[in-house]
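Down below is the structure, laid out as structure tokens.
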Amino acid sequence: KQEVTQIPAALSVPEGENLVLNCSFTDSAIYNLQWFRQDPGKGLTSLLLIQSSQREQTSGRLNASLDKSSGRSTLYIAASQPGDSATYLCAGGSNYKLTFGKGTLLTVNP
Amino acid sequence: GAVVSQHPSWVICKSGTSVKIECRSLDFQATTMFWYRQFPKQSLMLMATSNEGSKATYEQGVEKDKFLINHASLTLSTLTVTSAHPEDSSFYICSARVSGRIYEQYFGPGTRLTVT
């Protein structure tokens, strides 16, 4: 059974700082790893999807990496902005399902 | 493309009543849809997998008689919470998988259910 863990549970940084969010998973047979953003009371916004054959994906100030052998993924946010404040969820796809971590609550202070 | 809608976006009902939530894929066909539940400050937990024209597959611990799922067409799945109780209050999110693309899911905006 896939289990996904995210560290830290919460993170507060000053504006402009670069930061890394961590995600680990137990089932290395994942076929993809997705990162989502969730604003309070809202649904999910897909940020990046990494296929199992890929090592990383980039979109603007976001870069996500995937290391299946170690069961880890990271989301790197460059030059953080107050608008980046949200909960970030990672989800591992295996057995045709997505398993979510509990998320990291990010606060970027102006 | 790949837009998923949910209706209603929020609903308040009295304990003992039933509530139906709709999930629609607006610009694609979805043979498979998923229903998730999210409690405050918790992650999304998969409740069931819904396949068009067949019975839903429920995750362990989810009462299939309480959470009725119908996937009657390639663009619509419904979740009915029967005899709702306050502990059923939660954020319900659906997702849809594009037919033929089994590794990607597109998520709806969610439905906030409050049972009083």
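These figures come from a predicted structure and were not determined experimentally. We name chains A, B, ... by the order of the sequence lines, and we start the count at 1 in each one.
With a threshold of 4.5 angstrom between heavy atoms, K102(A) approaches chain B through its backbone and through its side chain. L89(A) touches chain B through its side chain: at least one heavy atom from C-beta onward sits under 4.5 Å away, while N, CA, C and O do not. Contact of E59(B) with chain A is made through the side chain alone, with heavy-atom distances under 4.5 Å. Heavy-atom distances place no part of Q6(A) under 4.5 Å from chain B, backbone and side chain included.
The greatest number of non-hydrogen atom pairs below 4.5 Å with chain A, out of S95(B), S9(B), G110(B), P109(B), is found for P109(B).
Within 6.0 Å of NE2 on H85(B) lie more than 12 heavy atoms contributed by other residues, nucleotides or ligands. The 12-atom threshold is exceeded at NZ of K66(B), counting heavy atoms of other residues, nucleotides or ligands nearer than 6.0 Å. Environment of CZ in R61(A): crowded, with over 12 heavy atoms of neighbouring residues, nucleotides or ligands closer than 6.0 Å. For I7(A), the CD1 atom sits in a loose shell: 12 or fewer heavy atoms of surrounding residues, nucleotides or ligands are nearer than 6.0 Å. Around the CZ atom of R112(B), the shell of radius 6.0 Å holds more than 12 heavy atoms that belong to other residues, nucleotides or ligands.
Residues F25(A) and L48(A) fall within the same hydrophobic cluster, defined by Ile, Leu, Val, Met, Phe, Trp and Tyr side chains chained together at heavy-atom separations under 4.5 Å. No continuous path of hydrophobic side-chain contacts links Y106(B) to I50(A) [ILVMFWY only; heavy atoms under 4.5 Å]. Linking ILVMFWY side-chain heavy atoms closer than 4.5 Å, directly or via other members, places V62(B) and F100(A) in two distinct hydrophobic clusters.
Identified by a heavy-atom distance below 4.5 Å to chain A, the contributing residues of residues 31-55 of chain B are F34(B), Y36(B), Q38(B), Q42(B), S43(B), L44(B), L46(B), in residue-number order.
In this view, E15(A) satisfies the side chain to side chain donor-acceptor pair (under 3.5 Å) rule with no residue, not counting sequence neighbours.
Within the 4.5 Å cutoff, the side chain of Q38(A) has no heavy atoms near those of the F107(B) side chain. Side chains of K97(A) and T57(B) form no contact here, defined as non-hydrogen atoms less than 4.5 Å apart.
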